[in-house]
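A quick write-up on the structure given underneath.
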Amino acid sequence: MRWLVGWSSIAASFGTVGAVGGGDEGRTVHPVGSQLLWGDPDPLWAVGDWRPDEIRVVTVATPQGAPTVRIAVLGCCGATDEQLRVGLLAARGGALRHLTAWPGSYTAVVQIGRRITVAGDLAGARPVFHTPWANGTAYATAALPLADLIEAQLDIGHLAALLACPDTPEALGNGTPYVGVKRIPPGHALILREGSREVTGYEAVASLAVAAPQTDPVRAVEGVRDALVEAVRARLMAPRHAPEALPVDPGPVPGMGPAERRAARGAPVPGIGADLSGGSASGTLALLAAGLPGLPGTLLGHGTGAGERLLAVTFNDLTARGHEAELERARLIAANPRLHHVVVAAGEEALPYAELDGPLTDEPGPSLVVSARHRSRLAAGSADHFVGHGARQVLDAHPARLADLLMDRRRRHLLKPVAALAKAEGPSAHSLFVPLSVYRAARRLARTSYRTGLEAAADRLPDANRFAPDLDTPADASLSALAWSRPGPAARWLTGEALAEVSVRLQEAAVRPTSVQRPGEARARAALARHANDHRILEQAAEIRSQRLHAPFLDNQVVRAARALPESLRVQPGARAAILRRVLAGAGIQDLPPGWGAPSQATSTAATRVGLRTALPELIALFDAPLLADAGLVEARVVRKALRAASEGEPLPLDGLAELASTELWLRRLLARRGTCWTGTAAPRRRAVAGGVVPARRTLQS
């Protein structure tokens, strides 16, 4: 786990003034295992196993006695030092957007005198957190260190909102699972001036009154192509890293080659690699990384390096059927001579819920129950490994965008997506009414104001555990998504008290002044933010030492280019595969296997059900006396009954059960933790949860 942390205060020497409790002079506090980037009065540290090229500090020369002007960029950034200086000077004038326009995935911190600016990303994969501390403000790219710093209690209300409405930012607000630790929204920056804090947005918000000018589809796709190519190029241009402290190879093992033995030891392969699932997102990244034209220093201007082949990893789940077509597409793609194909075969040991032990992550996330599954695939990957996470949320159209088309009077663009939903229903009497039902739901959403929509959602939420819909078909899921807010899959198992508290959050958000966006755009950004946060938690849960996961689809410039795509292009069936096909064609890659871009969700659902059935005894024991029940969020008996029913094949939302199990696991790991992220004579000595217990719900309400 890697993070940066710093603070700003009124004091001229913040690190040596009474930090906890105040008053005592000469006491110091600093993070454990940290690297100081710059010191008092507003220090900044990098914590964790950062690579040397992932930390860059550029200072602009100023006259003697003038305020210090410098920038720290942490992560993979494709900007040169000169570009960083230009961006630094632009940020000094208030143009914060320049800090987010470079290729790659990074966090930029700018210091101009006593003013500190920390820019978050557009997707939410690199968030920024802050909290008041010792007459100032501390900030970090992880919430847990700040919770340690202030010895925060758990925010049970936030956990309830996370389970009840995970796709609704209005319910989550700017909170975290820790009381007093706040998160800045995606597309915003944190500005600190001698302890005072301000959160400001750096992206323009579309008007509700006037439709945004429609970008030419050809130019928009070219913009996505250029952004994606630059994102991949930024990773390829970075220095290569070999895994540190490789375990000793035990020697020949029957049936295992060097690559298999290395994966069994949990060490990545040196070089560049990528997922190759047979899908459009991973296939696009693998082909771009293997044959990106014009890369300096490579043989004939192609490939990841002179004589270097890209390691393509395909995961083969032996416990599930129906993914033979994906494996065949991956095999055909891997026939490229610049790819070295490795198939990771996994059985019951890699099923969801197979491993309920793991590291403590910054926040809870549904990926905690599938971390072993992902780790088995990533262990066979490279030190720098591309993954296609985020492509669906960045490029696809959220169903609520149909309402945006109606607001702009583009009704004819609804014909193809509505016809595709009717076709997905199959030949039945119900499918005849799908077009009309979808159109009416989209028109209703287009005519519903932001406040009215949230108030209606707040009124319906307390009954979510009694009238939760079963989203069996694509049409049902689309109809449910055509709303300003909808309950999450785990809401049906929450207590009435928990749902009522989240309902109050929605009612308060409805009357709060805000920059309201169009419903489709707002819901799409919320879905992207949730997925980006889940990806961040997955990185921590399945982390392998010396390995970096690269998700170019979540980069700022790719997200920004994708937002320029016309909505009429997004809502077309198969739009994501068509866009990526044109991206590859523009990069000189034409030959793609038959069926490329076909959706693939059924196999993961089948594996989840098999894993749930296999791990049922352990899950029942987990919810025998759950901490979620102690907090008043669920009833243990209800969850155990749901687990048994789902394992027997009853059509229940498996995502909701995964969220409940992940949250319970996260709570147990948090309370079993010892120590703190801080050291020094003034360091906090307790854990993030004071006293080591989950506060009862009645305590929060009293």
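- Taking the charged nitrogens against the carboxylate oxygens, Asp396 and Arg570 have no contact shorter than 4.0 Å, which rules out a salt bridge.
- Contact detail for Leu461 and Ser503: the closest heavy-atom pair is CD2-N, 3.7 Å.
- Applying the ring-ring contact (aromatic ring centres under 6.0 Å, His included) test to His550 and every residue at least two apart in sequence or in another chain returns Phe386.
- Nearest heavy-atom pair, Tyr353 versus Ala658, reported as atom, atom and distance to 0.1 Å: OH-CA, 3.3 Å.
- A 4.5 Å side-chain heavy-atom check between Trp666 and Thr361 finds at least one atom pair inside the cut-off.
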Candidate pair Glu170 and Tyr450, rule side chain to side chain donor-acceptor pair (under 3.5 Å), full reasoning: CA-CA 11 Å; Glu170 293 81 6; Tyr450 172 81; 3.3 Å; yes
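- Separating the CG atom in Leu612 from the OG atom in Ser647 is a distance of 5.5 Å, to the nearest 0.5 Å.
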Worked verdict on Val179 versus Leu154 for side-chain contact (heavy atoms from CB on, under 4.5 Å): CA-CA 6 Å; Val179 176; Leu154 277 172; over 6 Å; no
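- With hydrogens and angles left out, the side-chain atoms of Thr452 and Ser449 include a donor and acceptor closer than 3.5 Å.
- A heavy-atom distance below 4.5 Å is not found between the side chains of Thr663 and Leu633.
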Arg377 vs His374, side chain to side chain donor-acceptor pair (under 3.5 Å): CA-CA, chis, key distance, verdict: CA-CA 5 Å; Arg377 180 187 83 253; His374 290 282; 3.0 Å; yes
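- In terms of heavy atoms, Val387 sits closest to His535 at CG2-CE1, 4.1 Å.
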Full working for side-chain contact (heavy atoms from CB on, under 4.5 Å) between Asp155 and Tyr178: CA-CA 5 Å; Asp155 189 344; Tyr178 314 100; over 6 Å; no
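- Between Ser280 and Arg576, the shortest heavy-atom contact is OG-NH1, 3.6 Å.
- In this structure, CG in Leu665 is found 12.5 Å from CG in Leu670, a value given to the nearest 0.5 Å.
- No donor-acceptor pair closer than 3.5 Å links the side chain of Ser282 to the backbone N or O of Gly388.
- A salt bridge does not link Arg518 to Asp404: none of the charged nitrogens lies less than 4.0 Å from a carboxylate oxygen.
- Here OG of Ser478 is found 7.5 Å from CG of Leu402. Values are rounded to the nearest 0.5 Å.
- Asp655 places none of its side-chain heavy atoms less than 4.5 Å from the side chain of Pro366.
- Looking at Asn316, its side chain never comes within 3.5 Å of a backbone N or O of Val344 through a donor-acceptor pair.
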Verdict with supporting geometry, Arg451 and Glu455, salt bridge (charged side-chain N to carboxylate O under 4.0 Å, His left out): CA-CA 6 Å; Arg451 177 171 179 174; Glu455 289 177 345; 3.0 Å; yes
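- Between the side chain of Thr495 and the backbone N or O of Ala498 there is at least one donor-acceptor pair closer than 3.5 Å.
- Judged by distance alone, the side chain of Ser480 and the main-chain N or O of Ala477 form no donor-acceptor pair under 3.5 Å.
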side-chain contact (heavy atoms from CB on, under 4.5 Å) evaluation trace for Arg444 with Leu482: CA-CA 9 Å; Arg444 187 184 309 114; Leu482 284 166; over 6 Å; no
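- Leu122 places none of its side-chain heavy atoms less than 4.5 Å from the side chain of Pro186.
- Using a 4.0 Å cut-off between charged side-chain N and carboxylate O, Arg613 and Glu348 make no salt bridge.
- Distance CG/Leu549 to CD1/Ile544: 8.0 Å, rounded to 0.5 Å.
- Of the charged side-chain nitrogens involved, at least one lies within less than 4.0 Å of a carboxylate oxygen, so that Arg668 and Glu664 count as a salt-bridged pair.
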Intermediate values then yes/no, side-chain contact (heavy atoms from CB on, under 4.5 Å), Arg581 and Trp596: CA-CA 9 Å; Arg581 186 185 295 271; Trp596 186 85; 3.8 Å; yes
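- A distance of 5.0 Å separates CD in Gln572 from NZ in Lys416, rounded to the nearest 0.5 Å.
- No donor-acceptor pair closer than 3.5 Å links the side chain of Glu501 to the backbone N or O of Glu497.
- Salt bridge present: Glu355 and Arg375 bring a charged side-chain N and a carboxylate O closer than 4.0 Å.
- Formation of a donor-acceptor pair under 3.5 Å by the Arg640 side chain with backbone atoms of Ile620 is not found in this model.
- Residues Ile537 and Pro364 come closest through the heavy atom pair CG1-O, 4.3 Å.
- Going from atom CG of Asp317 over to atom CG of Leu327 covers 9.5 Å, rounded to the nearest 0.5 Å.
- Each of Arg392, His398, Arg523, Arg563 was compared with Leu528 under the side-chain contact (heavy atoms from CB on, under 4.5 Å) criterion, and only Arg563 meets it.
- Ion pairing of Arg669 with Asp357 is absent here, as no side-chain N (NZ or NE/NH1/NH2) approaches a carboxylate O to less than 4.0 Å.
- Looking only at side-chain heavy atoms (C-beta outward), Val559 and Phe553 stay at 4.5 Å or farther from each other.
- Judged by distance alone, with hydrogens and angles left aside, the side-chain atoms of Trp484 form a donor-acceptor pair with the main-chain N or O of Thr448 at under 3.5 Å.
- With no hydrogens or angles considered, no side-chain donor-acceptor pair links Ser277 and Asp275 at under 3.5 Å.
- At a cut-off of 3.5 Å, with distance as the only test, no side-chain donor of Arg126 or Thr141 sits close to an acceptor on the other residue.
- Side chain of Glu349 to backbone of Ala354: no donor-acceptor contact under 3.5 angstrom is found.
- When side chains are defined from C-beta on, Pro127 counts as touching Arg536, because their heavy atoms get closer than 4.5 Å.
- Here the side chains of Glu659 and Pro489 are in contact, with some heavy-atom distance below 4.5 Å.
- Between Glu363 and Arg183 a salt bridge is recorded (basic side-chain N to carboxylate O distance below 4.0 Å).
- For the residue pair Leu368 and Ala541, the shortest heavy atom distance occurs at CD2-CB, 3.8 Å.
- Checked by atom type and distance alone, the side chain of Asp555 never pairs as donor or acceptor with a backbone atom of Val558 at under 3.5 Å.
- Arg401 contributes no side-chain N or O that, together with a main-chain N or O of Glu521, makes up a donor-acceptor pair within less than 3.5 Å.
- Leu657 is not listed as a side-chain neighbour of Leu619, based on a closest heavy-atom distance of 4.5 Å or more.
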